[in-house]
Amino acid sequence: MTLETKKSVFVELGKFLNQFSETNNIQNESVLGNDLFFDDFINLIHLSQSHNGWYTPEQVYFAIKSWADALTEENIAKWLSEYSFDSVQDDNNAKNVALILAGNIPLVGFHDFLSVLITGNSALIKTSSNDQHLLPFLAKYLIFVDESLKDKITFVEGKLENFDTVIATGSNNTARYFEYYFKDKPSIIRKNRNSVAVLNGKETKEDLENLGEDIFRYFGLGCRNVSKLFVPKDYSFVAFFEAIFKYQDVIHYEKYANNYDYNKAVFLMSNFKLLDNGFLTLKEDPSYASPISSVFYEFYENIEDLQTRLEAEAEQIQCIVSNDLVKNSIAFGQTQNPQLWDYADNVDTITFLLTTK
C-alpha cells in the first residue's frame with residue numbers, strides 16, 4: 001500500500017465526515033459508502049451521549065467537523081511533505097504499534113491512529129472505556145475504502161501483546177505505570193497537561209468571547225482547554241465575564257452543573273475567595289489544573305518574567321493563548337482546532353514512528 005494510496009484513503013474519510021454537521025446532515029452522492037455508513041453514523045452520533053454523558057451531539061459534531069477540515073488532500077500533503085517515507089514503503093519494515101487511547105473528548109486518539117497507519121505500521125488499539133464506539137466505526141469505513149487496512153487495524157479488549165512500540169495517553173498516575181510496564185519498548189507516554197491564556201487587559205470583546213470557546217468547548221475536559229489565566233496586577237475581570245456570558249447555557253447541562261455546584265461548595269467550605277458568574281468560578285491559584293467549571297488565575301508583574309516561567313514549566317503546558325504576548329502562543333478561540341502538524345506535547349509522532357527501530 002503506497003503512501004499516496006494511504007493519503008487518498010484518509011481524504012475519502014475526510015469527505016465522508018464533511019457531510020455531517022449539527023445543523024444539517026447532507027449526503028454527497030460522490031462520497032463512497034453512504035448507503036452503508038451514512039445513516040448509521042448519524043445514529044451513532046446521537047447515541048454517543050448514552051455511551052459517555054459528556055459526548056453531547058454538539059460536542060461530537062464539533063470533533064467530526066474538526067477532522068473533516070483536517071483531512072483534505074492539501075492538509076495531508078502539507079503535513080507529510082517534511083518527512084522521508086523511504087524506509088516504510090516495504091511492509092516488511094512495518095511495526096505493530098500499541099495505542100492506549102484516552103477518552104476525555106471525542107476521537108481524542110485519532111491523530112495517533114492516523115499517524116500509525118499513514119507511516120505504514122499496524123495499530124493495536126486499546127480504546128478508553130469512555131470512547132469505545134466512534135473510532136471503531138471510522139476504522140470500519142477506512143477498511144471499506146481499502147480492504148488491505150483490515151490487517152493493519154486491531155482493536156484489543158484484553159491484554160496488549162506482540163507489539164513493537166507504544167503510544168499511551170493517561171494521567172500522571174497511569175503514566176508512571178506505563179513507563180514501568182513498557183520500559184523495554186520504544187514509547188511515547190503522555191501525561192496530564194493544561195493550557196493557559198495570557199491577558200494584558202487590551203483584549204477586544206471578540207478576543208474574550210473566543211477565549212470562552214477555549215474554556216468551554218468539550219466542557220473544559222481537554223488538555224487544550226484553557227484552565228488557567230495569567231493577568232496583570234489590578235486586572236479587572238468585568239469585561240471577561242461580560243464576554244463569556246454567551247456560554248451561560250452550559251450550566252443547563254446536568255453533568256456540568258453538578259461539577260459547578262460541587263467544586264464551588266468545596267472552594268467555599270475551604271474559605272477560598274472566588275469570582276463567580278453563576279456558571280464559572282475563578283480562583284486565584286498557582287496550579288495549572290483547575291476542576292471542571294472553574295478556571296484558575298494568577299497575577300504577573302513582568303511579561304518577560306512570565307515568559308521565562310512558562311518556558312521552565314513547559315512540560316505542564318499544552319497550549320498558550322494570547323495576542324502574541326508570549327512566544328509560541330496561538331490565537332484566541334483556536335485551541336481545539338489543531339492542525340495535523342500540531343503534535344500533542346510537542347512530540348513529533350511521525351518522526352518517532354519513522355525512526356524507531
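These numbers were taken from a predicted model, which means no experiment stands behind them.
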Please walk me through it: do I330 and C319 pass side-chain contact (heavy atoms from CB on, under 4.5 Å)? CA-CA 7 Å; I330 61 177; C319 304; 4.2 Å; yes

Starting at OG1 of T335, measure out to CG of D342 and round the result to the nearest 0.5 Å. 11.5 Å

Checking side-chain polar atoms at under 3.5 Å, does E12 have a donor or acceptor matched by the opposite partner on Y141? no

Can you tell me if D285 and S287 form a side-chain donor-acceptor pair at under 3.5 Å? yes

For this output row, return yes or no: ring centroids of Y218 and W54 closer than 6.0 angstrom. no

Interatomic distance, NZ@K283 vs NZ@K228, rounded to 0.5 Å, equals 9.5 Å

Have a look at Y297 and tell me which of F237, F240, F230 forms a ring pair (Phe, Tyr, Trp, His ring centres under 6.0 Å) with it. F237

The single option from T119, T355, D348 passing side chain to side chain donor-acceptor pair (under 3.5 Å) against Y83: D348

Give a yes or no on whether the ring-centroid distance for F163 and F182 is below 6.0 angstrom. yes

Ring centroid separation for F178 and Y181, is it under 6.0 angstrom? no

Between F41 and F37, is the gap from one ring center to the other below 6.0 Å? no

H111 and Y343 aromatic centres sub-6.0 Å: yes

Does the side chain of T165 come under 3.5 Å of the side chain of T356 through a donor N or O and an acceptor N or O? no

